[in-house]
Undergrad: 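Just dropping this structure here.
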Amino acid sequence: YDTVYGEYLSSYKKRIMRKIRDGCKLQSDGKFDDALKLYNEAIEEGVANDAELSLPYIKRGHIYNLQGNKKLAAADFEKAIALNNDVIGVHYAQAVLLEARGEKLKAAQEYRTFVKDAGIVYYDVEITDALNRIIELEEVS
């Protein structure tokens with residue numbers, strides 16, 4: 001029983017991470033609708049298996065933010081922070097929310113922390129965005 005259950009756990013976690021990875025590739029190529037579909041599937045599978053991850057919420061929130069849907073983006077970033085199982089990505093989520101509240105210096109610091117620790121595999125577009133936001137926020141200050 002334990003072996004079968006362990007294989008099941010690893011199989012759905014692999015499926016979730018594969019969807020996120022494939023979504024990242026699509027997002028990097030600017031195929032946001034296709035990436036959103038995969039992030040939604042990763043979220044649904046995580047919920048169904050009681051294994052929600054912050055990462056697909058952060059990735060989906062970033063796309064919503066780019067598309068101007070600030071309300072959905074904020075909801076995803078808040079969910080990612082609540083889950084708090086991707087500490088690096090949570091810095092990005094916190095930065096976006098701080099910036100939206102007008103706390104520019106705190107946002108710039110969160111972006112810096114994110115960029116320092118983020119891995120390029122899952123966060124390439126967010127790293128670029130964070131670097132641009134740091135420059136803009138520090139120019140304003």
Side-chain angles (χ1 to χ4, degrees), residues 2-141:
D2 289 340
T3 304
V4 172
Y5 185 67
E7 288 174 7
Y8 170 74
L9 284 178
S10 65
S11 70
Y12 78 73
K13 286 182 181 179
K14 286 178 185 174
R15 283 193 309 271
I16 292 169
M17 291 309 294
R18 195 174 303 117
K19 287 175 185 181
I20 295 169
R21 183 201 61 212
D22 292 348
C24 291
K25 289 177 186 173
L26 291 166
Q27 186 177 353
S28 291
D29 292 340
K31 298 177 180 176
F32 297 138
D33 290 337
D34 294 332
L36 283 173
K37 181 180 176 206
L38 288 174
Y39 297 147
N40 287 333
E41 289 174 9
I43 289 167
E44 289 168 12
E45 186 148 1
V47 169
N49 289 290
D50 197 28
E52 285 183 278
L53 301 173
S54 297
L55 183 57
Y57 287 101
I58 294 165
K59 300 297 289 182
R60 188 174 73 176
H62 177 70
I63 292 175
Y64 287 153
N65 203 36
L66 289 174
Q67 293 175 332
N69 196 332
K70 306 297 183 190
K71 205 173 218 176
L72 287 177
D76 274 358
F77 292 139
E78 288 168 1
K79 179 67 175 184
I81 292 167
L83 289 169
N84 197 28
N85 55 24
D86 179 354
V87 176
I88 295 166
V90 165
H91 286 292
Y92 181 83
Q94 289 172 329
V96 174
L97 293 174
L98 286 165
E99 186 176 356
R101 291 194 303 252
E103 298 181 51
K104 294 179 184 347
L105 293 176
K106 287 181 182 178
Q109 184 56 45
E110 288 292 330
Y111 282 127
R112 282 184 183 286
T113 302
F114 167 72
V115 169
K116 181 175 76 71
D117 296 330
I120 195 77
V121 172
Y122 288 107
Y123 286 117
D124 62 334
V125 294
E126 287 82 3
I127 291 170
T128 302
D129 180 59
L131 290 169
N132 289 331
R133 299 306 313 136
I134 291 167
I135 292 167
E136 189 171 316
L137 290 168
E138 289 181 349
E139 285 177 357
V140 171
S141 297

Undergrad: Could you give the distance from CD (Glu41) to CD1 (Ile16), rounded to the nearest 0.5 Å?
TA: 11.5 Å
Undergrad: Give me the atom names and distance for the closest heavy-atom approach of Ser54 to Ala80.
TA: OG-O, 3.0 Å
Undergrad: Mind checking side-chain hydrogen bond (donor to acceptor under 3.5 Å, both in side chains) for Lys25 and listing every partner two or more places apart, or none if nothing turns up?
TA: none
Undergrad: Mind jotting down which residue pairs meet the salt bridge (Lys or Arg N to Asp or Glu O under 4.0 Å) criterion with at least one end in residues 83-101? Sequence neighbours excluded, please.
TA: Glu99-Arg133, Arg101-Glu103
Undergrad: Sequence neighbours left out, what passes side chain to side chain contact (heavy atoms under 4.5 Å, CB included) with Asp117? Give chain and number order.
TA: Ile88, Thr113
Undergrad: Answer yes or no: is there a side-chain heavy-atom contact under 4.5 Å between Val125 and Leu66?
TA: no
Undergrad: Distance check, rounded to the nearest 0.5 Å: Ile134 atom CD1 versus Gln109 atom CD?
TA: 8.5 Å
Undergrad: Go through the structure and list residues passing side chain to side chain contact (heavy atoms under 4.5 Å, CB included) with Asn132, not counting sequence neighbours.
TA: Thr128
Undergrad: Nearest 0.5 Å please: distance from the CG atom of Asp33 over to the NZ atom of Lys37.
TA: 11.0 Å
Undergrad: Apply salt bridge (charged side-chain N to carboxylate O under 4.0 Å, His left out) to Arg21 and list each qualifying residue two or more places apart in sequence or on a separate chain.
TA: none
Undergrad: Please round to the nearest 0.5 Å and tell me the distance separating atom CD1 of Ile58 and atom NE2 of His91.
TA: 10.0 Å
Undergrad: Could you pull out the closest heavy-atom pair between Asn69 and Leu72, with the gap in Å?
TA: ND2-CD1, 3.0 Å
Undergrad: If we only count heavy atoms from C-beta on, is the Ile127 to Phe114 side-chain gap below 4.5 Å?
TA: yes
Undergrad: Could you state the interatomic distance from CD1 (Ile43) to CG (Leu55), rounded to the nearest 0.5 Å?
TA: 9.5 Å
Undergrad: Which pair of heavy atoms, one from Leu38 and one from Gly23, lies closest together, and at what distance?
TA: CD1-N, 3.6 Å
Undergrad: Would you please name every residue forming a side chain to side chain contact (heavy atoms under 4.5 Å, CB included) with Lys31, sequence neighbours left out?
TA: Leu26, Asp29, Asp34
Undergrad: Tell me the ring pair (Phe, Tyr, Trp, His ring centres under 6.0 Å) pairs involving residues 37-65, sequence neighbours left out?
TA: His62-Tyr92
Undergrad: Quick check: closest heavy atoms across Leu137 and Ala108, and the distance to 0.1 Å?
TA: CD1-N, 3.9 Å
Undergrad: What's the shortest heavy-atom distance between Phe77 and Gly61, and which atoms?
TA: CZ-C, 3.4 Å
Undergrad: Test Leu53 against Asn85 for side chain to side chain contact (heavy atoms under 4.5 Å, CB included), laying out the working first.
TA: CA-CA 6 Å; Leu53 301 173; Asn85 55 24; 4.1 Å; yes
Undergrad: Tell me the salt bridge (Lys or Arg N to Asp or Glu O under 4.0 Å) pairs involving residues 45-65, sequence neighbours left out?
TA: Arg15-Glu45, Lys19-Glu45, Glu52-Lys79, Lys59-Glu126, Arg60-Asp76
Undergrad: Looking at NZ of Lys70 and CG of Leu97, how far apart are the two atoms once the value is rounded to the nearest 0.5 Å?
TA: 11.0 Å
Undergrad: Can you confirm whether Val90 sits close enough to Gln94 that some side-chain heavy atom of one is under 4.5 Å from a side-chain heavy atom of the other?
TA: yes
